[in-house]
Student: 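Okay, here's the structure, questions in a sec.
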Amino acid sequence: MTDVFRKDLFNGKVLFATGGRTGIGYKLVEQMMAHGANATILGRDAKGLAESAANLEKATGSKCLAAAADVRKPAELKAAVDATIAKFGRIDFVVCGAAGNFLAPIGGLSENAFRTVLEIDTLGTYNTLKATLPYVRETKGAYLHISATLHYKGVPFQAHVSAAKAGVDALSQVIAVEEGPRGVRSNVVAPGPIGNTEGMSRLGTPGYDARAAIPLGAMGETQDVANAAIFLFSPAASWVTGQTFVVDGGQQHMRGSGAPYPDALLDPKVAATILKGKL
Ligand code: COA
């Protein structure tokens, strides 16, 4: 854990996080709890969620509620918000982190597959905003959206996620402007390649050389994203809203396509090293 931030920074505050069961979301929630916040984590895997909540409580000493829900279902989200208010009495911070991803070219992406990722990422973010906003207004709280950098350029096999995350970024900017006058902030954190995460194990390209691709010489850690989140939720960022905070070791300034180009698009043997489905 970083000792840069005060341990009691978020004492008395409550975090509501979609997608906090594993990876970046888990570390982010853990660090908010380690700095005093109580938290709700939300996801579809009820058993895994309960295990993560127990681990988070043990590691931090703060309280964690596991709320099994699908962000695509507004009624389930609202029930999770109600349970949070019943247990903790308030919501100060919201992390919109629930996301779905896999590698597939447009030719191999069914209409349902494209829609599924937009429903999880973009509509899921909207549903989360709708369910939490009345409470976040009360506390003059803040939103943080876990997005990506891939949609800043064209990236093969990521049409669905590029469209979905562009929508998330846009929603964050709109809510910053609409809700700013009520004291509510909204920012985006955009992680580059973060090691030891489900995202990298699903999406990583075999042979990816982080030293050649990232100015700071290595993949990031989940802690790097959590550090940015702590700053953006803290009073140090009280005049920061509608922004995207890229945490990628400088990768976006170096980025090629990631996958071998154009062989990954044209040669089925090369594609098979990256994709589950067909070109
Ligand atoms: N390539 C192409 N299409 C794929 C795919 C792949 N690797 N994986 C799933 N799909 C398609 C399915 O075939 C289905 O389309 P179809 O009905 O036309 O066949 C569609 O996507 C929906 O899949 P399904 O498994 O029914 O959806 P789900 O709601 O159970 O799961 C996913 C959602 C697909 C996003 C799944 O990957 C998931 O649950 N991810 C959560 C974890 C995650 O991705 N975290 C992000 C890490 S960065």
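Numbering of ligands and ligand atoms starts at 1, following listing order.
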Student: Sub-3.5 Å donor-acceptor pair from the side chain of Arg185 to the main-chain atoms of Leu232, do we have one?
Tutor: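 Yes, the answer is positive, given that a donor and an acceptor are paired below the 3.5 Å cut-off.
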Student: Flag atom 21 (O) of ligand 1 as yes if some protein heavy-atom distance to it falls below 4.0 Å, otherwise no.
Tutor: yes
Student: Checking a contact table here: which protein heavy atom is nearest atom 40 (N) of ligand 1, and how many Å away?
Tutor: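 Nearest neighbour among protein heavy atoms for atom 40 (N) of ligand 1, to 0.1 Å: Arg202 NH2, 3.6 Å.
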Student: Measuring from non-hydrogen atoms of Leu109 to any atom of ligand 1, is the shortest distance under 4.0 Å?
Tutor: no
Student: Quick one: do the Thr18 and Thr128 side chains pair a donor with an acceptor below 3.5 Å?
Tutor: no
Student: Among Asp121, Thr244, Asp169, find the one that has a side-chain hydrogen bond (donor to acceptor under 3.5 Å, both in side chains) with Ser147.
Tutor: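 Option passing the side-chain hydrogen bond (donor to acceptor under 3.5 Å, both in side chains) with Ser147: Asp169.
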Student: Whether the side chain of Ser52 engages the backbone of Arg21 through a donor-acceptor N/O pair (distance < 3.5 Å, no angle test) should be reported.
Tutor: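 Between the backbone of Arg21 and the side chain of Ser52 there is a qualifying donor-acceptor contact (under 3.5 Å).
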Student: I need the atoms of ligand 1 closer than 4.0 Å to a non-hydrogen atom of Glu198, numbered in the order shown.
Tutor: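 Here the atoms of ligand 1 in question are 42 (C), 43 (C).
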Student: Is atom 26 (O) of ligand 1 in close reach of the protein, with a heavy atom under 4.0 Å away?
Tutor: no
Student: Can you tell me if Ser186 uses its side chain to pair, donor with acceptor, with the backbone of Gly242 under 3.5 Å?
Tutor: no
Student: Return the residue, atom name and 0.1 Å-rounded distance of the protein heavy atom closest to atom 44 (O) of ligand 1.
Tutor: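 Of the protein heavy atoms, Asn101 N, 2.8 Å lies nearest.
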Student: Which of the numbered atoms in ligand 1 are below 4.0 angstrom from a heavy atom of Ala99?
Tutor: 41 (C), 42 (C), 43 (C), 44 (O), 45 (N), 46 (C)
Student: For the pair Phe10 and Phe233, name the ring-plane relationship: parallel under 30°, tilted 30 to 60°, perpendicular over 60°.
Tutor: perpendicular
Student: Is the number of heavy atoms from other residues, nucleotides or ligands under 6.0 Å of Phe102 CZ greater than 12?
Tutor: yes
Student: Given the protein's heavy atoms, is any one of them under 4.0 Å from atom 37 (O) of ligand 1?
Tutor: yes
Student: Which protein non-hydrogen atom lies closest to atom 11 (C) of ligand 1, naming both residue and atom, and how far is it?
Tutor: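 The closest heavy atom on the protein side is Ala113 CB, 3.5 Å.
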Student: Is a salt bridge present between Arg115 and Glu111, judged by a nitrogen-to-oxygen distance below 4.0 Å?
Tutor: no
Student: Under 4.0 Å from atom 32 (C) of ligand 1, do we find at least one protein heavy atom?
Tutor: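 Given the 4.0 Å cut-off, atom 32 (C) of ligand 1 does not count as touching protein heavy atoms.
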Student: Among all protein heavy atoms, pick the one closest to atom 48 (S) of ligand 1 and tell me residue, atom and distance.
Tutor: Gly199 CA, 3.5 Å
Student: Enumerate the atoms of ligand 1 whose separation from the nearest heavy atom of Ala104 is less than 4.0 angstrom.
Tutor: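 Heavy-atom distances to Ala104 below 4.0 Å select 1 (N), 2 (C).
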Student: I'd like the name of whichever of Pro105, Ser201, Ser110, Pro191 reaches closest to atom 15 (O) of ligand 1 through any heavy atom.
Tutor: Ser110
Student: Considering the heavy atoms of Arg72, write down every atom of ligand 1 situated less than 4.0 Å from one of them.
Tutor: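 Answer for ligand 1: 29 (O).
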Student: Ring centroids only, cut at 6.0 angstrom: are Phe5 and Phe231 within range, meaning strictly under it?
Tutor: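 Phe5 vs Phe231: aromatic centres not under 6.0 Å.
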Student: Which residue owns the protein heavy atom closest to atom 6 (C) of ligand 1, what's the atom, and how far is it?
Tutor: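 Result: Phe102 CD1, 3.3 Å.
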Student: Between Asp70 and Arg72, is the closest basic N to carboxylate O distance under 4.0 Å?
Tutor: yes
Student: So which heavy atom in the protein is nearest atom 35 (C) of ligand 1, and how far is it from that ligand atom?
Tutor: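 Answer for atom 35 (C) of ligand 1: Gly100 CA, 3.7 Å.
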Student: Just need the protein heavy atom nearest to atom 28 (P) of ligand 1, so name the residue and atom and give the distance.
Tutor: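 Checked against all protein heavy atoms, atom 28 (P) of ligand 1 sits closest to Arg44 NH1, 3.9 Å.
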Student: Can a salt bridge be assigned to the pair Glu138 and Arg90 using a cut-off of 4.0 Å between side-chain N and carboxylate O?
Tutor: no
Student: Can you check which of Asn112, Leu203, Ile194, Ile120 brings a heavy atom nearest to atom 17 (O) of ligand 1?
Tutor: Asn112
